[in-house]
4 protein chains.
Amino acid sequence: MDKKTKIVQASIEVFKEKGIEKTKISDIVKKAEIAQGTFYLYFPSKLSVMPAIAEQIVLQLIKKVEANVALEAPLQEQLSQLVDAIFQVTGEFRDVTVLVYAGFSTTENMSEWETIYTPFYDLLASLLETNKSRHLIRETIDAARTAKLVLGLIETAAEQVYLYDAYDAQKEAEQKAELLTFLEHALRP
Amino acid sequence: MDKKTKIVQASIEVFKEKGIEKTKISDIVKKAEIAQGTFYLYFPSKLSVMPAIAEQIVLQLIKKVEANVALEAPLQEQLSQLVDAIFQVTGEFRDVTVLVYAGFSTTENMSEWETIYTPFYDLLASLLETNKSRHLIRETIDAARTAKLVLGLIETAAEQVYLYDAYDAQKEAEQKAELLTFLEHALRP
Amino acid sequence: MDKKTKIVQASIEVFKEKGIEKTKISDIVKKAEIAQGTFYLYFPSKLSVMPAIAEQIVLQLIKKVEANVALEAPLQEQLSQLVDAIFQVTGEFRDVTVLVYAGFSTTENMSEWETIYTPFYDLLASLLETNKSRHLIRETIDAARTAKLVLGLIETAAEQVYLYDAYDAQKEAEQKAELLTFLEHALRP
Amino acid sequence: MDKKTKIVQASIEVFKEKGIEKTKISDIVKKAEIAQGTFYLYFPSKLSVMPAIAEQIVLQLIKKVEANVALEAPLQEQLSQLVDAIFQVTGEFRDVTVLVYAGFSTTENMSEWETIYTPFYDLLASLLETNKSRHLIRETIDAARTAKLVLGLIETAAEQVYLYDAYDAQKEAEQKAELLTFLEHALRP
DNA sequence: AATGAATGAGAATTCATTCAT
DNA sequence: CATGAATGAATTCTCATTCAT
């Protein structure tokens, strides 16, 4: 693993443990097992690691969705697979998601988040588009806007499961079921 | 206004202006017009002000919703009023919301956020319950769970309008319209 | 108990617990159960409590010695009683002794310590003088100087028992025995 | 000279000048000619320098005694040389001794002082042992215990000369003479 | 490229002291 | 006399950043 990747991986872990505010560059380099000065060879600051982390998250999301959502399956199944995929990635990156998100809002270049998320938004939009042309979802739907709504809805639900509540498999199943019904009704013609 | 309230008010303002990372305690006390040491009489650190801020936000949400959502109105109108209320408060507190949210995920007890949000969740749940008993929304809905989904959905949509994009009134209207249709379909019988 | 006494008592306890350096006036007033401002009605600073504490120690020393050292007893017995008395008081005030001592050396008015200790030095000197006139101790002894030597010797021995070593009754007895033999030889004709 | 040594040396000097209470870390780093932050690379606090200082004092004591006390000389001469050595070092480190001592009693582990002093106690004990085998001192003496008594006695006497009284060479000589006689009688067969 | 000790500006924190009640 | 909230000057302490090796 090259040093840059080591830094990104270590940052994710440390941000998870301590949060952005309390994370020091010295924590990151310790975890990455590199020298203090080496960090600056790759990133100018703590926050500038964020985009790289965000890219990791988006990469995972795309990978999971492409691997698991069967476009030819019935809508209900597709949605279920989509929800599972997003829950999985959100669970894996736990609070990093919200931290990265907050990190961006701090750095003032919130639009960078948009840019990085674009490939995933596009994927979701095309997914909706396909279903629209197959008349499985409402025709009035604006695929691009709704993609964002859907993602926001699923991510928030996942966060509520993984962050807030003490984790409980039973609850997760119930929350997912409620979410799926909600989604289906929202989308179907 | 007592000193504690002054600190919370000043913190909100400074966090809005500078973000958490760049906010110094000296900024807060200056805005609050109190002495540096006085801060520590009420809060042990910058981050520990977060819960108090969260309470303010929830208070505003409740106030706005109670004032503007007419329970006897048709569902569509109620939802529209609800969305407007949440968009307004989210807009008012802009990035503070996400910062507070991120602050919590750091500050040990994410469950505190739940506790603070509970009154608002309850309000939304009872709103759904009323509509359920009037057969305006699906009978299969679990009011408590759905309340969280609805809030998550609306807040995320609002954040997408106020944080990401350079603000654009036209876009806001379109986003709201899409969101409302989405919501109506998700809830109605 | 009047407030001044309360302050002195509380100071002794807190100094014992935390040492002078780490003791805050707020610790003292908390222990004394008085208000912060009240302290300044009686003492201008933390260190100015020292003389009052020293006086307490000397008072105890004099009381113990006068009560327990029988002037008409044989030298060996007198010395044994003297050692017991000083060990007891040193034990009671543990490290406060050395802290007060250090406190004085800080305040630059080390001579105040001398002044406060004078009554006890005098008592020891007169004790030696009596024994000299009864030919129980060397005639070449300068009572005043030797009083200081004797006190220094016994106090140091006591401190070594009570401060350094994990306390051990067996060891204390042996240390006392060695000390007594040492003292007897040093003093006897 | 490495930075750690610089800090210890500077601390000794500043403690001598100002006492522990009034010494600021900024005074130490200024004297040591290092940056403020560098201090914290080696010591977590002002008081944690104490053990290192104590080691210096013990080192000096050992050096002086080994250089000046002639083991083959008559007892009286040996004791005189011992007293001179201890007086010299005590004088050199003046109030630092008592401050370090007080610092220890605060800093949790008084036993650390014992550990640091052990080499010097051992030296004194072996010195007594040699004289015992040459029948210059009492056979009943426990060398280890008596070493501590002797050191305590001499140090206290030295402190009384250097700390309490306004220094007076005449008095010093008289005090030393009285002390020597006292010691001789205490030790000799 | 990599290192990590050293730096020092700047922020956090403390706590003796005051003073209106 | 007594109180204790408020003060802010004085210190401690942190940590991003540099740079000689």
Side-chain angles (χ1 to χ4, degrees), chain A residues 2-4 6-7 14 18 21-30 32-49, chain B residues 2-4 6-7 14 18 20-30 32-49, chain C residues 2-4 6-7 14 18 21-30 32-49, chain D residues 2-4 6-7 18 21-30 32-49:
Chain A
D2 74 339
K3 308 247 182 221
K4 188 167 185 174
K6 268 189 179 174
I7 291 173
V14 184
K18 311 198 156 192
E21 187 87 0
K22 285 184 198 154
T23 294
K24 302 167 227 164
I25 290 186
S26 64
D27 297 324
I28 297 175
V29 300
K30 210 176 292 165
E33 293 178 313
I34 56 166
Q36 188 83 0
T38 306
F39 181 91
Y40 293 91
L41 258 29
Y42 297 94
F43 295 97
S45 76
K46 189 171 74 179
L47 291 176
S48 62
V49 188
Chain B
D2 73 342
K3 310 260 176 201
K4 189 167 183 173
K6 268 189 180 173
I7 292 172
V14 185
K18 311 196 156 191
I20 293 183
E21 193 94 359
K22 285 183 202 150
T23 295
K24 309 306 161 201
I25 290 184
S26 62
D27 298 324
I28 297 174
V29 300
K30 207 175 294 165
E33 293 179 311
I34 56 166
Q36 186 85 0
T38 306
F39 180 91
Y40 294 91
L41 249 36
Y42 297 94
F43 297 97
S45 73
K46 198 171 67 182
L47 291 177
S48 62
V49 187
Chain C
D2 74 340
K3 309 245 183 221
K4 187 166 185 175
K6 268 188 179 173
I7 292 172
V14 183
K18 310 198 155 192
E21 185 86 0
K22 286 184 198 154
T23 294
K24 302 168 226 163
I25 290 186
S26 64
D27 297 324
I28 297 175
V29 299
K30 209 174 293 166
E33 293 177 314
I34 57 167
Q36 188 83 358
T38 307
F39 181 91
Y40 294 90
L41 259 27
Y42 298 95
F43 296 96
S45 75
K46 189 172 75 181
L47 292 175
S48 63
V49 187
Chain D
D2 74 342
K3 310 259 177 200
K4 189 168 185 173
K6 268 188 180 173
I7 292 172
K18 311 197 156 191
E21 193 92 1
K22 284 182 202 151
T23 294
K24 308 305 162 203
I25 291 184
S26 61
D27 298 324
I28 297 175
V29 300
K30 207 176 295 167
E33 294 178 311
I34 56 166
Q36 187 84 0
T38 305
F39 180 91
Y40 294 91
L41 249 34
Y42 297 95
F43 297 97
S45 74
K46 198 171 67 181
L47 289 176
S48 64
V49 188

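Proteins get letters first, then strands, A, B, ... in listed order; numbering begins at 1 in each. This structure is a prediction, so every number in the text was calculated from the model and none was measured.
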Secondary-structure stems for DNA chain E, with pairs counted as Watson-Crick or G-U when both distances are under 3.5 Å and runs at least 3 long:
E:2-21 with F:2-21
Within the sub-3.5 Å range, which N or O atoms of nucleotides 9-12 of chain E have a protein N or O partner, and how far apart are they?
{"from": "dA12(E)", "atom 1": "OP2", "to": "Ile25(B)", "atom 2": "N", "distance (Å)": "3.2"}

Separation of dG8(E) atom P from Glu33(D) atom CD, nearest Å, is 12 Å
Over all strands shown, is Phe39(B) touching base, sugar-phosphate only, or nothing at heavy-atom distances under 4.0 angstrom?
nothing
Scan Tyr42(A) against the nucleic acid and name what it touches under 4.0 Å (heavy atoms): base, sugar-phosphate only, or nothing.
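Sugar-phosphate contact only - Tyr42(A) comes under 4.0 Å of backbone atoms but never of a base.
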Would you please name every residue forming a side chain to side chain contact (heavy atoms under 4.5 Å, CB included) with Lys24(C), sequence neighbours left out?
Ser26(C), Asp27(C)
Those residues at least two apart in sequence (or on a different chain) that pass side chain to side chain contact (heavy atoms under 4.5 Å, CB included) with Lys4(C) are Asp2(C), Tyr42(C), Phe43(C)
If each of Ser45(B) and Lys3(A) is mapped to the nucleotide of DNA chain E with the nearest heavy atom, which maps nearer the 5' terminus, i.e. the 5' end?
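Checking each residue's closest nucleotide, the 5'-ward one belongs to Lys3(A).
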Assign each of Ala35(A) and Pro44(C) to its nearest nucleotide of DNA chain E by heavy atoms, then name whichever residue's nucleotide is nearer the 5' end.
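First, find each residue's nearest nucleotide; the 5'-ward one identifies Ala35(A).
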Ile28(D) side chain near Ile34(D) side chain, heavy-atom distance below 4.5 Å:
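A side-chain contact under 4.5 Å is absent here.
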How would you list all residue pairs meeting salt bridge (Lys or Arg N to Asp or Glu O under 4.0 Å) that involve residues 38-49 of chain D, not counting sequence neighbours?
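Listed by first then second residue: Glu21(C)-Lys46(D).
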Could you work out, with side chain to side chain donor-acceptor pair (under 3.5 Å) as the rule, every residue matching Lys6(C), not counting sequence neighbours?
none
With sequence neighbours excluded, residues passing side chain to side chain donor-acceptor pair (under 3.5 Å) with Lys3(D):
none
At the 4.0 Å heavy-atom cut-off to chain B, mark where contacts on DNA chain F begin and end, going 5' to 3'.
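Going 5' to 3' along DNA chain F, contacts run dA6(F) to dG8(F).
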